[in-house]
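When reading the values below, keep in mind they use all heavy atoms of this one structure, side chains included, and skip hydrogens, waters and symmetry mates.
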Amino acid sequence: HSPPLSPGLSRVPAPATAPPEGTPIPVLNVHQVWPRVQARTVTVAGGFGFSEVGIAPDGTVALGELVSGKGDPIGVATVTRDTGKATLIRKFSSPQTQLISIAADNDWIVWSEGSNQPDFADWVIYSSNRHDQAIRKLAAASRPDGVHYPSTPYVMVSISQGVVVWSAIIGIDKRE
């Protein structure tokens, strides 16, 4: 028995079997998955959209994901709140990649991104220096067998005074 859902939400049944290896998984944007939810987005120069996920500590910069006019993810970006100017920090490496989590302190922006839907087990964590825009890869999901990622929950990041903290749990099945 499942707990009741909030009004306006519905359950999506899980597939009876996993798709065959190599079957493409469709990329769904937030408007397809939750059509009744009004995501906080703004239109920025060039007709691009911006999905706000967080804010810098001083409140001047919104943190999030730049999306095309069709809602397709482009990359991690910021929007200066007083001017509305969007700045692309890092373009995603594939059309399936999406922002998972993002945070900032006075000197750094740190985020996790992934493309392996639905659990984004192929997560990667990056940082960008807010002063010189240098991007660093901080961590990535492990592939214990060299091929497959273990199932992990979404990797959420946090940063304070240059210290980055994230969660990454590997589920191991000990059944024989």
Is there side-chain contact between [X] and [Y], with at least one heavy-atom pair below 4.5 Å?
X    : Y    : result
W111 : I100 : no
V165 : I159 : no
L63  : I109 : yes
W108 : Q161 : no
K85  : V79  : no
V61  : I55  : no
T60  : T80  : no
Q98  : E113 : no

Would you kindly confirm whether [X] and [Y] end up in one hydrophobic cluster when ILVMFWY residues are joined by side chain heavy atoms under 4.5 Å apart?
X    : Y    : value
I89  : W123 : no
V53  : L138 : no
M156 : I125 : yes

Quick one: closest heavy-atom pair of [X] and [Y], and the distance?
X    : Y    : result
A139 : W166 : CB-CZ2, 3.5 Å
L88  : V76  : CD1-O, 3.4 Å
S101 : V157 : OG-N, 3.0 Å
S112 : V155 : OG-O, 2.7 Å
L66  : A86  : CD1-CB, 4.3 Å
P73  : E65  : CB-OE2, 3.8 Å

*asked:* If only side-chain N and O atoms count, and only distance matters, is there a donor-acceptor pair under 3.5 Å linking R90 with Y126?
replied: yes
*So, S115 and D122: side-chain donor and acceptor under 3.5 Å apart, yes or no?*
yes
*Could you list the residues that satisfy side chain to side chain contact (heavy atoms under 4.5 Å, CB included) with N106, not counting sequence neighbours?*
P57
*Do any N or O atoms from the side chain of S68 and from the backbone of D72 form a donor-acceptor pair under 3.5 angstrom?*
yes
*R130 (side chain) donor-acceptor with D105 (main chain) under 3.5 angstrom*: yes
*Look up atom CD in E52 and atom CD1 in I102, then write down how far apart they are to the nearest 0.5 Å.*
10.5 Å
